[in-house]
Amino acid sequence: MGTAELISPRNPRVVSARRLARRATRARERRFLAEGPQAVREAVAHRGTLSELFATEEACARHAEIVGAAREAGVRVSLASDATMADISQTVTPQGLIGVCRFLDTPFGAVLAARPRLVAVLAHVRDPGNAGTVLRCADAAGADAVVLTDASVDLYNPKSVRASAGSLFHLPVSVGVPVAAAVSGLREHGVRVLAADGAGASDLDDELDRGAMGGPTAWIFGNEAWGLPPETRALADAVVRVPLHGRAESLNLATAAAVCLYASARAQRRP
């Protein structure tokens, strides 16, 4: 693309992409930005998701296979200067590739119809970085779906997308589901619902020792600062705490989610 004409910062497509930094625009247009080679690579692989790709000349040379795959998929590729990329980007140091993607969320009914065995439910999670990291943990643990309740952060916030490290494109995610509806729907489909909370009456080790973790399970994870409210804990079949064997006061949200999801994944894979 070295001889291609640079797209102007005033080009309507650049202006439109820049506006996707706002949640209201994302919600109205059902589009979001995926930045960096990892996210763009996964977006290209998820057919029909990537609609446009902005790339610097250096990124085109360094990530020729990603740019080539995008072109083969019929995606418009536009050569942009570093200044234009910085104008679109939501990061301090843009990585040279920014994709415009269509929303990916899956209806909650479709998640239930697939008979999931492991689900992460994010209730009242407000930090976009934590939401994306929990999504990444769920993907790594082999979860079947992630559900974000109506009180949680926007899944397509640029920080959430970056923190998911491409996992956003790997597994079904439902958004805007009321927590009571999420719990009742999962339970009706044979899924045991556990609330992860440091003040839980049940201990994760004890749950594992009793052999209670092998069936279909959904974990509810709460707000980073104040955890789950009493009314949400009351909806669960059990409130489970991660045991702290050392002197640490607590675990952060993403770490606790990883421990809980992997505990379930291991229990479900036992003969």
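Taking the six-membered ring where the residue is Trp, F32 and Y156 present tilted rings, their angle falling between 30° and 60°.
One finds the CD1 atom of I220 at 6.5 Å from the CG atom of L235 (value rounded to the nearest 0.5 Å). Atoms CD and CG, from E52 and L33 in turn, are 10.5 Å apart once rounded to the nearest 0.5 Å. Between the CD atom in Q268 and the CG atom in L118 there is a gap of 5.0 Å [rounded to 0.5 Å]. In this structure, CD on E231 lies 8.5 Å from CZ on R233, to the nearest 0.5 angstrom. Between atom OG1 of residue T149 and atom CZ of residue F221 there is a gap of 13.0 Å, rounded to the nearest 0.5 Å. Interatomic distance, CG of L97 versus NE2 of H63, reported as 5.5 Å (0.5 Å rounding).
For the 3.5 Å distance criterion, the side chains of S51 and R31 fail to qualify, holding no donor opposite an acceptor. If you check the side chains of S167 and S164, you find no donor sitting under 3.5 Å from an acceptor.
When the side chain to side chain contact (heavy atoms under 4.5 Å, CB included) test is applied to A238, the partners found at least two apart in sequence or on another chain are R192, L194, V240.
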Could you go through residues 208-217 and list every donor-acceptor pair under 3.5 Å that involves a side-chain atom there, pairing it with any protein atom two or more places apart or in another chain?
from : atom 1 : to   : atom 2 : distance (Å)
R210 : NH2    : E207 : OE1    : 3.3
R210 : NH2    : E207 : OE2    : 2.8
T217 : OG1    : G215 : O      : 2.8

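At a threshold of 4.5 Å between non-hydrogen side-chain atoms, the residues V134 and V125 do not count as touching. At a threshold of 4.5 Å between non-hydrogen side-chain atoms, the residues D237 and R187 count as touching. Side-chain contact between D127 and V153 is absent, with no heavy atoms from C-beta onward closer than 4.5 Å. Taking the side chain as every heavy atom from C-beta outward, M85 and Q95 never approach each other to under 4.5 Å.
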Check the pair R10 / D87 against salt bridge (Lys or Arg N to Asp or Glu O under 4.0 Å), numbers first and verdict last. CA-CA 11 Å; R10 294 183 296 276; D87 198 28; over 6 Å; no
